[in-house]
Amino acid sequence: MKKINSICIIDDDPITVFGIQKMLGLVTEFKQLFKFENGKVAIESISEMLKSNTPLPQVIFLDINMPIMDGWQFLEEFIKLPIKKVVRINIITSSIDELDRNNWNYYKKQTHHLITFNNKPIKKEEMEKITKVA
């Protein structure tokens with residue numbers, strides 16, 4: 001089983017967060033799990049980690065439809081941060097809107113981070129593939 005130091009889930013739906021957490025327990029071992037209900041709280045926390053030299057999450061699971069700051073707004077701020085290591089960002093969504101796929105393609109080209117687009121529900125085999133350090 002793979003080992004990851006730190007994983008982050010950014011999603012406002014507690015059922016989805018619970019499901020992702022359960023699936024993670026089946027496919028990997030991790031030391032730390034951060035959970036945030038919106039992108040604003042997540043970006044503030046990650047910025048603080050960066051300032052204090054705290055290790056950043058290696059894998060992020062990101063919902064795109066959230067209140068306060070959605071996933072696209074989070075990505076806009078995240079890619080501005082001076083993070084040298086590559087972070088895997090797994091977008092997890094139930095959206096079938098072509099605009100969301102276009103946004104994904106746009107952000108992939110704007111950063112050195114690895115960004116994947118995944119539709120809910122995520123099966124165990126898919127979770128194994130996307131729960132890797134970039």
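These values consider heavy atoms only, across backbone and side chains, with no hydrogens, waters or symmetry-generated copies.
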Below 4.5 Å, heavy atoms only, C-beta onward: do [X] and [Y] meet side chain to side chain?
X: Val17; Y: Ile20; result: no
X: Arg88; Y: Thr116; result: yes
X: Ser6; Y: Pro55; result: no
X: Lys40; Y: Gln73; result: no
X: Val133; Y: Ile4; result: yes
X: Thr111; Y: Leu75; result: no
X: Phe61; Y: Ile7; result: yes

Quick check: are there more than 12 heavy atoms from other residues, nucleotides or ligands sitting under 6.0 Å from CG of Leu99? yes

Short side-chain to backbone donor-acceptor contact, [X] and [Y], under 3.5 Å:
X: Trp104; Y: Ile115; value: yes
X: Gln58; Y: Asn5; value: yes
X: Asn119; Y: Ser95; value: yes
X: Asn53; Y: Met49; value: no

Heavy-atom closest pair, residues [X] and [Y]:
X: Val86; Y: Leu114; value: CG1-N, 3.7 Å
X: Leu50; Y: Pro82; value: CD2-CD, 3.6 Å
X: Gly25; Y: Phe30; value: N-CE2, 4.4 Å
X: Asp12; Y: Pro14; value: O-CD, 3.3 Å

What's the separation between atom [atom1] in [X] and atom [atom2] in [Y], rounded to the nearest 0.5 Å?
X: Phe117; Y: Arg101; atom1: CZ; atom2: CZ; answer: 4.5 Å
X: Ser45; Y: Phe34; atom1: OG; atom2: CZ; answer: 8.5 Å
X: Ile10; Y: Ile60; atom1: CD1; atom2: CD1; answer: 5.0 Å
X: Asn103; Y: Glu76; atom1: CG; atom2: CD; answer: 10.0 Å
X: Asp63; Y: Ile91; atom1: CG; atom2: CD1; answer: 10.0 Å
X: Ile79; Y: Tyr107; atom1: CD1; atom2: OH; answer: 6.5 Å

Hey, any chance [X] and [Y] share a hydrophobic cluster, counting ILVMFWY side chains that come within less than 4.5 Å of each other, even indirectly?
X: Val59; Y: Leu62; result: no
X: Phe18; Y: Met23; result: no
X: Ile68; Y: Ile43; result: no
X: Ile9; Y: Ile92; result: yes

Show the numbers, then the answer: is there a side chain to side chain contact (heavy atoms under 4.5 Å, CB included) between Lys35 and Leu33? CA-CA 7 Å; Lys35 297 181 271 189; Leu33 179 66; 4.3 Å; yes

Show me the donor-acceptor pairs within less than 3.5 Å that the side chains of residues 123-132 make with the rest of the protein, sequence neighbours left out.
residue	atom	partner	partner atom	Å
Glu126	OE1	Lys123	N	3.1
Thr131	OG1	Met127	O	2.7

Aromatic plane relationship, His113 with Phe78 - under 30° parallel, 30 to 60° tilted, over 60° perpendicular: tilted

